[in-house]
2 protein chains.
Amino acid sequence: MTKKNNTAPHHHGNLREALINAGLELLETGGTQALTLRKCAALAGVSHAAPANHFNGLISLKVAIMARGHFMFTEAMQQANAQAETSPWNQLNATCEAYITFARTHKTLFHLMFQSGCEELEGADKQSMSENQQACEASYGTLQQVCLPFEHTGNNALNTETMVWSLVHGYAMLFADKDCAMQDVPEFSEILPRLKLK
Amino acid sequence: MTKKNNTAPHHHGNLREALINAGLELLETGGTQALTLRKCAALAGVSHAAPANHFNGLISLKVAIMARGHFMFTEAMQQANAQAETSPWNQLNATCEAYITFARTHKTLFHLMFQSGCEELEGADKQSMSENQQACEASYGTLQQVCLPFEHTGNNALNTETMVWSLVHGYAMLFADKDCAMQDVPEFSEILPRLKLK
DNA sequence: AAGTAATATTGACAGTGTCAATATAAGCAT
DNA sequence: ATGCTTATATTGACACTGTCAATATTACTT
């Protein structure tokens with residue numbers, strides 16, 4: 001039963017990844033409505049019921065896509081870190097900017113990644129859930145690391161993380177599409193310095 | 001065509017409100033999945049296609065429900081204001097607590113109210129859209145007012161509003177269900193004081 | 001080479017949003 | 001009051017969706 005690593009094992013190749021890719025594409029082009037098991041199957045060139053062999057229903061595919069989203073998210077933030085100057089504040093600022101840029105660039109995916117409450121995800125299979133949990137921890141870990149230098153007297157790390165995460169996440173959620181904003185919104189770089197960090 | 005104000009005008013009475021109520025009930029009991037035109041119609045005791053006379057499709061019903069949600073939201077924040085001490089900081093704190101409590105109490109509705117990007121809402125009818133816009137402005141206005149006293153040298157009001165809104169909204173979105181949190185989350189009252197407000 | 005497990009297909013079913021055609025009832029003019 | 005017009009509700013249909021059971025096909029193991 002153990003798959004050989006490199007070669008395509010079965011009928012399709014590896015359908016699981018293909019379906020996730022198809023789902024990502026549908027999500028970005030057609031919005032949440034377009035993310036459909038049957039459309040994914042069609043895009044991957046298989047029959048409408050083929051996904052059932054890899055995902056325990058639509059919810060599992062969604063969770064798997066969320067996992068992929070969090071990996072992309074982590075990569076984006078880490079790349080921003082790598083390119084930013086190494087001072088703690090520059091690292092934090094670059095990470096937040098990447099956070100917001102990701103939300104703007106992958107609006108639908110970002111919403112999917114964060115919209116779902118816990119109980120909505122029940123029923124997803126173990127593999128998807130595990131992948132998603134790992135990916136979530138990776139993305140949160142990135143933010144956590146850039147917050148760490150700001151741990152000081154009276155400000156424990158958890159408190160600072162939570163504050164920064166809430167601020168950047170709220171900003172990203174509320175103002176990801178500028179068209180929706182009721183008025184002109186100040187840049188995040190004007191807001192972040194108003195946290196008491198040190 | 002003008003309706004008399006008090007008496008039920010037609011077959012059902014006023015089906016529009018009944019459908020919104022049904023939608024709210026379905027949302028709270030059965031989650032996002034349960035919000036369905038046909039289920040709303042059944043709950044209101046009409047045929048499956050009756051809603052078409054009041055809503056331009058499912059999206060319009062959703063927008064109307066979002067509007068109702070924002071009205072409830074505004075009421076909750078204003079009630080908290082009324083009960084809190086009148087100092088600016090107490091007012092702000094109470095409003096934020098009410099914000100978070102609403103997100104926790106009406107989790108699914110809260111997500112619906114804020115999840116949808118602009119373009120997903122396209123196609124909703126004018127009445128629903130107008131109601132929702134008014135309700136959004138009302139709820140934002142409440143937050144805006146409690147931020148106003150903190151306008152000071154160098155901090156314009158818009159900047160402060162945006163900061164506070166982002167922080168409380170991010171916190172509410174991320175930690176509305178504690179079960180999902182990766183770790184224990186500090187109370188919001190420990191975070192709010194770390195904004196540079198004055 | 002044969003057998004077994006994994007994978008994909010086909011067909012079916014209930015549920016969904018939406019549309020067109022029809023029926024019913026309310027409000028208004030005469 | 002009577003008839004007309006408009007608003008509202010019903011019925012039936014259609015395509016699309018997720019999901020399941022039965023079957024077929026392929027890959028891996030022995």
Side-chain angles (χ1 to χ4, degrees), chain A residues 1-20 22-23 26-27 30-65 116 120-128, chain B residues 1-20 22-23 26-27 30-65 116 120-128:
Chain A
M1 201 210 104
T2 54
K3 292 179 187 173
K4 288 172 183 175
N5 282 340
N6 293 335
T7 63
H10 276 123
H11 297 186
H12 173 93
N14 78 2
L15 184 53
R16 194 170 194 278
E17 290 299 308
L19 288 169
I20 294 174
L26 287 168
L27 212 51
T32 310
Q33 305 271 16
L35 178 53
T36 284
L37 267 181
R38 288 171 110 105
K39 288 206 187 97
C40 288
L43 205 56
V46 293
S47 73
H48 68 263
N53 293 296
H54 301 273
F55 297 104
N56 179 21
L58 177 61
I59 185 61
S60 290
L61 174 57
K62 281 188 178 172
V63 172
I65 291 175
S116 318
E120 316 243 355
L121 272 53
E122 279 174 9
D125 53 43
K126 289 180 182 176
Q127 180 176 358
S128 297
Chain B
M1 202 210 106
T2 54
K3 291 178 188 174
K4 288 171 182 175
N5 281 339
N6 293 336
T7 63
H10 276 124
H11 297 187
H12 173 94
N14 78 359
L15 185 52
R16 193 169 194 279
E17 289 300 308
L19 287 170
I20 294 173
L26 287 168
L27 212 51
T32 311
Q33 306 271 15
L35 179 54
T36 283
L37 267 180
R38 288 172 110 105
K39 288 207 187 95
C40 288
L43 205 55
V46 294
S47 74
H48 67 262
N53 293 296
H54 300 273
F55 297 104
N56 180 21
L58 177 60
I59 184 60
S60 290
L61 174 57
K62 281 187 178 172
V63 173
I65 291 174
S116 317
E120 315 243 356
L121 271 54
E122 280 174 9
D125 54 43
K126 289 180 181 175
Q127 181 176 358
S128 297

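Quick note: numbers below take in every heavy atom, side chains included, and nothing from hydrogens, waters or symmetry partners. The chains referred to below are lettered A, B, ... by the order of the sequence lines, with proteins before strands, and numbering in each begins at 1.
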Side-chain-base donor-acceptor pair under 3.5 Å for [X] and [N]:
{"X": "A:R38", "N": "D:dG18", "result": "yes"}
{"X": "B:H48", "N": "D:dG12", "result": "yes"}
{"X": "A:R16", "N": "C:dT7", "result": "no"}
{"X": "B:N53", "N": "D:dA7", "result": "no"}

What is the distance, to the nearest angstrom, from the [atom1] atom on [X] to the [atom2] atom on [N]?
{"X": "B:L61", "N": "C:dT18", "atom1": "CG", "atom2": "P", "answer": "10 Å"}
{"X": "B:N56", "N": "C:dC19", "atom1": "CG", "atom2": "C1'", "answer": "12 Å"}
{"X": "A:Q33", "N": "C:dT18", "atom1": "CD", "atom2": "P", "answer": "9 Å"}
{"X": "B:L37", "N": "D:dC16", "atom1": "CG", "atom2": "P", "answer": "19 Å"}
{"X": "B:L35", "N": "C:dG17", "atom1": "CG", "atom2": "C1'", "answer": "13 Å"}
{"X": "B:F55", "N": "D:dA9", "atom1": "CZ", "atom2": "C1'", "answer": "15 Å"}
{"X": "A:I59", "N": "D:dT19", "atom1": "CD1", "atom2": "P", "answer": "9 Å"}
{"X": "B:L19", "N": "D:dT8", "atom1": "CG", "atom2": "C1'", "answer": "12 Å"}

Donor-acceptor pair between B:S47 and B:R38 side chains, under 3.5 angstrom: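 Their side chains do not contain a donor-acceptor pair, so the 3.5 Å distance test is not met.
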Contact summary for A:D125 and A:N56, nearest pair of heavy atoms: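 Heavy atoms of A:D125 and A:N56 come nearest at OD2-N, 3.2 Å.
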Side-chain N or O of B:K39 closer than 4.0 Å to phosphate OP1/OP2 of C:dT16: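 Indeed, a polar side-chain atom of B:K39 lies that close.
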Phosphate OP1/OP2 of C:dA6 contacted by A:H54 side-chain N/O (<4.0 Å):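 It does not, given that no N or O in the side chain of A:H54 lies less than 4.0 Å from OP1 or OP2 of C:dA6.
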Proximity to the side chain of B:A49 - top-ranked nucleotide from C:dA12, C:dG17, C:dA20: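 Closest nucleotide among those given: C:dA20.
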B:E17 atom CD, over 12 foreign heavy atoms within 6.0 Å: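 Yes, because the 6.0 Å sphere around CD of B:E17 holds more than 12 heavy atoms from other groups.
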Pair A:L35-A:C40, side-chain contact (heavy atoms from CB on, under 4.5 Å): steps then yes or no: CA-CA 7 Å; A:L35 178 53; A:C40 288; 3.9 Å; yes
Touch class at under 4.0 angstrom, heavy-atom based, for B:S47 against every strand present: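 Base contact.
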CG on B:L19 to NE2 on B:H54, rounded to 0.5 Å: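 Going from NE2 on B:H54 over to CG on B:L19, the span is 7.0 Å.
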Contact nearer the 5' end of DNA chain D, comparing A:T36 with B:G45: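 First, find each residue's nearest nucleotide; the 5'-ward one identifies B:G45.
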